[in-house]
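Notes to accompany the following structure.
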Amino acid sequence: MAKYIFITGGVISSLGKGIASASIAKILESRSLKVTLMKLDPYINVDPGTMNPYQHGEVYVTEDGAETDLDLGHYERFTKASMTKFNNATTGQVYNTVISRERRGDYLGKTIQVIPHITGEIKDRIKKVAQVSQADIVLIEIGGTVGDIESLPFLEAARQFKLDAAEKNVLYIHLTLVPYIKVADEIKTKPTQHSVQTLREIGIQPDILICRTEKTLSDEVKEKISLFCNVRKEAVIESPDVASIYQIPLVFKGQILDEIILSHFGLISKPSDLKDWERNVVERLFAPKKTVQVAVVGKYIGLQDAYKSIYEALTHAAISNQVKVEVKKIDSEEIEKYGPEKLLKDLDAVLVPGGFGGRGIEGKIQAIGFARKNKIPFLGLCLGMQCAVVDFARHLCGLKDANSTEFKPKTKYPVISLLSEQKNVKDLGGTMRLGAYPCKIKPNTLAARVYQTHQISERHRHRYEFNNDFRKRLESKGMIFSGIYQKKNLVEIVELKGHPYFIAAQFHPEFKSKPDAAHPLFDHFIRAAAEKK
Ligand code: GLN
């Protein structure tokens with residue numbers, strides 16, 4: 001029988017509920033328990049795949065090709081759990097299922113209501129995750145902030161869960177903010193009290209509070225929170241601001257959060273062991289031997305969350321190379337305005353991430369051309385690869401007007417274009433090439449050296465592909481097609497000879513990088529940047 005932990009958030013959003021959930025899972029996993037996590041998102045979109053990154057942040061892609069919330073990225077980076085389409089449920093999905101069932105006549109004669117039908121579907125989805133994962137502990141993060149209208153059915157389902165799974169198998173954790181008011185030099189507990197009050201009105205009494213705070217909480221403050229919120233004092237956990245998210249499992253372990261959870265469930269397990277994490281991740285992160293500056297030339301630069309997994313993967317490569325990576329976020333439209341020289345000339349490496357739509361494309365292409373000519377280590381991801389192909393075709397193959405048909409449908413040289421099967425696609429949701437595909441690596445290439453194997457599998461999220469009509473021409477001018485999806489003969493990796501590190505992938509390696517196992521493409525990218533320095 002699985003145990004269930006529901007994690008809710010209060011007071012304000014952006015407190016780091018996803019990272020807190022992943023960190024709790026991490027300390028439980030370090031006690032030899034099998035964990036999995038699930039995110040419940042209150043919005044009505046079926047998935048975030050059709051949302052603008054400025055609305056939602058990154059869309060995280062799972063092995064099985066689900067487009068999910070970026071918190072699933074934290075779950076996979078912190079733990080061994082593999083995420084699937086079952087691990088993220090949205091209001092849109094829940095209603096979609098219930099309404100289709102109603103149309104089929106499955107509920108014939110009945111009135112369909114939030115309780116019990118919607119809440120029932122939510123609970124079924126949680127139980128499904130428990131069943132598929134066979135985890136000892138399922139952590140369920142409820143998106144949004146307590147008090148929002150939208151998340152009410154999820155909270156109601158969480159409340160009801162105690163009736164389904166027996167009281168001792170369910171635990172509620174509430175993440176809140178305990179602000180420090182500078183002018184009064186005081187820490188304020190009132191927002192937390194109110195947030196817990198709201199939760200109790202819904203029928204949920206939290207067992208544990210995690211208090212985000214910039215100052216340490218005194219015993220007195222903890223006692224006050226404990227008394228007013230009806231939570232045992234040792235279960236009032238503080239979560240101070242830290243330099244790296246990877247310290248948070250250690251912060252929680254230091255307050256025996258794992259012990260508190262296990263004793264609630266009546267579980268006995270091995271003591272927690274986070275020594276490897278501490279030594280191989282946290283200590284290395286804070287002992288860099290040099291600094292490298294990496295340009296990320298993107299179009300969603302203004303939002304930290306838009307390239308979440310990429311920034312994390314750069315940090316993982318920093319850890320593995322023991323360097324400090326300073327990311328310079330460069331808006332590709334600025335490159336169009338000022339030219340690449342001005343913005344890139346002092347940097348040690350250039351990364352061009354994925355994206356959709358024509359805005360800023362020419363800036364990306366110019367940035368790649370600059371890295372190519374000046375032998376600056378370059379890593380292109382998805383759209384970044386497509387732009388690398390365009391740059392190469394235009395400037396080394398004499399295909400002046402070369403482009404992707406995404407940006408110029410009538411281009412004379414469509415070096416990136418749609419496969420025929422994509423041409424007839426009408427729906428935009430969930431219809432791209434999504435999820436894991438195998439890729440064969442050509443021997444004696446940079447890709448082979450980086451991966452140290454000839455068969456890999458990586459995750460995709462794109463509609464356009466390299467156009468094989470141009471393969472011979474580009475190859476004859478020195479572009480190497482070093483990774484191929486053989487079944488359909490699709491180009492997955494391109495690279496250049498005579499350059500210290502110029503490689504680009506049609507897939508998204510960033511989704512598989514971990515703090516203690518940097519992805520090889522990122523690892524070698526940062527190594528090349530450090531060597532250049
Ligand atoms: N817009 C491009 C495509 O659909 C690239 C997508 C991406 O970078 N994820 O193929």
Side-chain angles (χ1 to χ4, degrees), residues 47-62 65-68 70 73 296-301 303 305-311 313 331-332 350-365 367-368 378-391 393 402-409 411 414-437 439 458-468 470 483 485 488 490-494 503-513 519 521-522:
D47 63 41
T50 52
M51 278 189 240
N52 185 309
Y54 275 123
Q55 288 278 314
H56 182 269
E58 165 185 280
V59 174
Y60 187 78
V61 182
T62 56
E67 298 174 277
T68 71
L70 58 81
V296 173
V297 182
K299 46 196 284 185
Y300 316 111
I301 284 304
L303 182 74
D305 276 355
Y307 301 118
K308 191 95 218 166
S309 294
I310 293 177
Y311 297 141
D331 185 337
S332 55
V350 174
L351 187 151
V352 177
F356 296 82
R359 180 177 63 81
I361 286 301
E362 291 303 320
K364 290 190 171 198
I365 296 169
I368 295 167
F378 163 73
L379 178 60
L381 307 176
C382 206
L383 180 62
M385 183 208 92
Q386 299 174 354
C387 290
V389 167
V390 171
D391 162 65
N403 215 325
S404 160
T405 55
E406 180 179 4
F407 315 123
K408 199 168 179 197
T411 172
V415 288
I416 305 292
S417 64
L418 284 182
L419 296 182
S420 54
E421 66 222 47
Q422 275 288 346
K423 284 187 181 144
N424 303 318
V425 167
K426 294 255 160 15
D427 279 357
L428 291 185
T431 55
M432 285 185 260
R433 176 143 82 104
L434 288 167
Y437 283 83
C439 168
E458 294 279 8
R459 298 183 199 171
H460 291 249
R461 179 171 186 257
H462 56 99
R463 211 176 288 286
Y464 293 81
E465 305 279 354
F466 177 81
N467 181 348
N468 279 330
F470 294 90
Y485 169 40
K488 293 201 163 166
L490 295 176
V491 169
E492 306 282 48
I493 308 177
V494 305
I503 193 160
Q506 185 56 81
F507 48 78
H508 290 273
E510 67 272 23
F511 294 143
K512 286 175 73 168
S513 188
H519 189 285
L521 283 174
F522 282 86

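All of these numbers come straight from a predicted model, not from anything done at the bench. In what follows, residues are counted from 1 in the order of the sequence shown. Counting starts at 1 for both ligands and their atoms, following the listed order.
Scanning for ring-ring contact (aromatic ring centres under 6.0 Å, His included) contacts around Y311 gives an empty result, with sequence neighbours left out.
Side chains of V390 and I368 form no contact here, defined as non-hydrogen atoms less than 4.5 Å apart. Side-chain contact between L381 and L351 is present, with heavy atoms from C-beta onward closer than 4.5 Å.
Taking CD of E58 as the reference point, atom CD1 of I310 lies at 7.0 Å (rounded to 0.5 Å).
The pair K488-E465 does not meet the salt-bridge criterion, since no charged nitrogen lies less than 4.0 angstrom from a carboxylate oxygen.
Pocket lining of ligand 1, defined as residues with a non-hydrogen atom under 4.0 Å away: G354, G355, F356, C382, L383, Q386, E406, R461, H462, R463, Y464, H508.
Aromatic ring pairs are classed by plane angle as parallel below 30°, tilted from 30° to 60° and perpendicular above 60°; the pair Y54 and Y300 is perpendicular.
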